Each structure stands twice: as structure tokens, then as C-alpha cells.
Amino acid sequence: MSGNTTFTMIKPDAFADGNSGAIIKIIEERGFRIKALKLTRLSQRKAGQFYAVHKERPFYKDLCDYMSSGPIIAIILEKENAIDDFRKLIGATDPKQAEEGTIRNMFATSIEANAIHGSDSDENAQIEGDFFFSELEKFYLD
Ligand code: ATP
Ligand code: MG
């Protein structure tokens, strides 16, 4: 069982397609509470830092181009068993593999432009939330 906090981003494709509201509605209906939220945009360098774990992968450069191509919405979410339940809700990385009813099944257009991010561990949820939000902005987490 994971902890009660996760971090997500509505990625540039989903924001540009006007799907942010629909995606946030699903997230809230599934019992996640929004603890912090902002509309922002990653620079190429910031995208590279966020996905540094993938820097040796062949898709890294394209991933950084894509993630910095337009606005994103960064969100800290709270729910019991947040990491595991959220990864289930977003579905597989490749939308072709994502089960029906998952956010990626509904909104992703490719393995790269896959609509949404979800933290993969409690430790990364903390690191990723801190990447986007100041202590003041995380006030409501206390
Ligand atoms: P995320 O970390 O964004 O929640 P994930 O954990 O499902 O996604 P990762 O393996 O961490 O998948 O990959 C990070 C992101 O890199 C993916 O969400 C996708 O945008 C991109 N990506 C992953 N694999 C590929 C690939 N084979 N080709 C192109 N892009 C990819
Ligand atoms: Mg990942």
C-alpha cells in the first residue's frame, strides 16, 4: 500500500486539446483531492531535469521537446493509497495497452503524447511535488 500523496501533470497534448477539465473531473470523481495546482510550462532544461532518469533512453530528446512544447498543469493529489490507485487510473504508458476507462485510454494520442503523468513511488511524489511547488504553495498539505 502506498502513502496518501501523489503528483501528476496534465501534459502539453492534453492541455492543448482542451481536455484538462475533463481529466480533472475524472480525478476528483475517483476520490483524489487537489492539494496544490498550477498552470505552468517547462523549459527544455527543466523537462530534462524532471525526466533525468530517462537521459540514456533513445526517446529522451523527443520527450524533452514534447514536455516543453506547451503549458502543463501540475497537481499534488491526496487519497489513501494514492500512488497505486493513480497509476491504475491513468493506465499503461502506451495508450494502445491502456485499459478502457483509464485516462490514457481516453485522452492519450501516442506513447509519447500520453496525456498525463503519475508518480511511481512515495519518494518520487515528494521529489516531484517539490520540483513544482514552494513550501508556501504546499501550505494545504499540512
Ligand atoms: P510518466 O513518468 O510520464 O508518468 P510512465 O511512468 O508511464 O510515464 P516512463 O517509462 O516513466 O512511463 O516514461 C516517461 C515518459 O516518457 C512517458 O510517459 C512517455 O511520455 C515517454 N516515453 C516512454 N517510453 C517511450 C517510448 N518508447 N517512446 C517515446 N516516448 C516514451
Ligand atoms: Mg514514469
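FYI, side chains are in, hydrogens and waters are out, and symmetry mates aren't considered; it's all heavy atoms of this structure. Remember, predicted model here, so these are calculated numbers, not experimental data. Just so you know, ligand 1 is whichever comes first in the structure, and atom 1 is the first atom listed for that ligand.
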Give the contacting part of R87 toward ligand 1: side chain, backbone, both or neither, where contact means a heavy-atom distance below 4.0 Å. side chain

Given M67, H117, H54, identify the one with the heavy atom nearest to atom 1 (P) of ligand 1. H117

Ring center gap for F50 and F131 short of 6.0 angstrom: yes

Logged contact type for R104 with ligand 1, heavy-atom cut-off 4.0 Å, is side chain

With a 4.5 Å heavy-atom cut-off, do N105 and I103 have their side chains touching? no

Protein heavy-atom partner closest to atom 20 (O) of ligand 1 - residue, atom, separation in Å: E112 O, 2.8 Å

Checking heavy atoms under 4.0 Å, the part of N114 that sits near ligand 1 is side chain

Is there a heavy atom of E128 sitting under 4.0 angstrom from any atom of ligand 1? no

Under 3.5 Å: donor-acceptor pair, side chain of N114, backbone of T93: yes

What I want to check is whether the side chains of S119 and E128 have a donor and an acceptor closer together than 3.5 Å. yes

Indicate yes or no for a side-chain donor-acceptor contact from Y51 to the backbone of K46 under 3.5 Å, with no hydrogens or angles considered. no

Which ligand 1 atoms, with their elements, are less than 4.0 angstrom from a heavy-atom of K11? 3 (O), 17 (C), 18 (O), 20 (O)

Protein heavy-atom partner closest to atom 7 (O) of ligand 1 - residue, atom, separation in Å: T93 OG1, 2.5 Å

Looking at side-chain heavy atoms only, is the closest gap between F7 and F133 below 4.5 Å? yes

Are N81 and S2 linked by a side-chain donor-acceptor pair shorter than 3.5 Å? yes

Residue, atom and distance of the protein heavy atom nearest atom 21 (C) of ligand 1 read L63 CD1, 3.7 Å

Angle between ring planes, F86 versus F32, binned at 30° and 60°: parallel, tilted or perpendicular? perpendicular

Report, in ascending order of atom number, the atoms of ligand 1 lying under 4.0 Å from any heavy atom of G118. 4 (O)

At the 4.0 Å heavy-atom cut-off, does I111 count as touching ligand 1? yes

Within the structure provided, determine whether S43 and S68 are in side-chain contact (heavy-atom separation under 4.5 Å). no

R57 near ligand 1 by a heavy-atom separation under 4.0 Å: no

Pick one of side chain, backbone, both or neither for how M9 approaches ligand 1, counting any non-hydrogen atom pair under 4.0 Å. neither

Using a 4.5 Å cut-off on heavy atoms from C-beta on, say whether the side chain of I24 contacts that of I75. yes

Please state which protein non-hydrogen atom is closest to atom 22 (N) of ligand 1 and give its distance, to 0.1 Å? F59 CE1, 3.6 Å

Which of the ligand 1 atoms, numbered from 1, are nearer than 4.0 Å to a heavy atom of Y51: 1 (P), 2 (O), 3 (O), 14 (C)

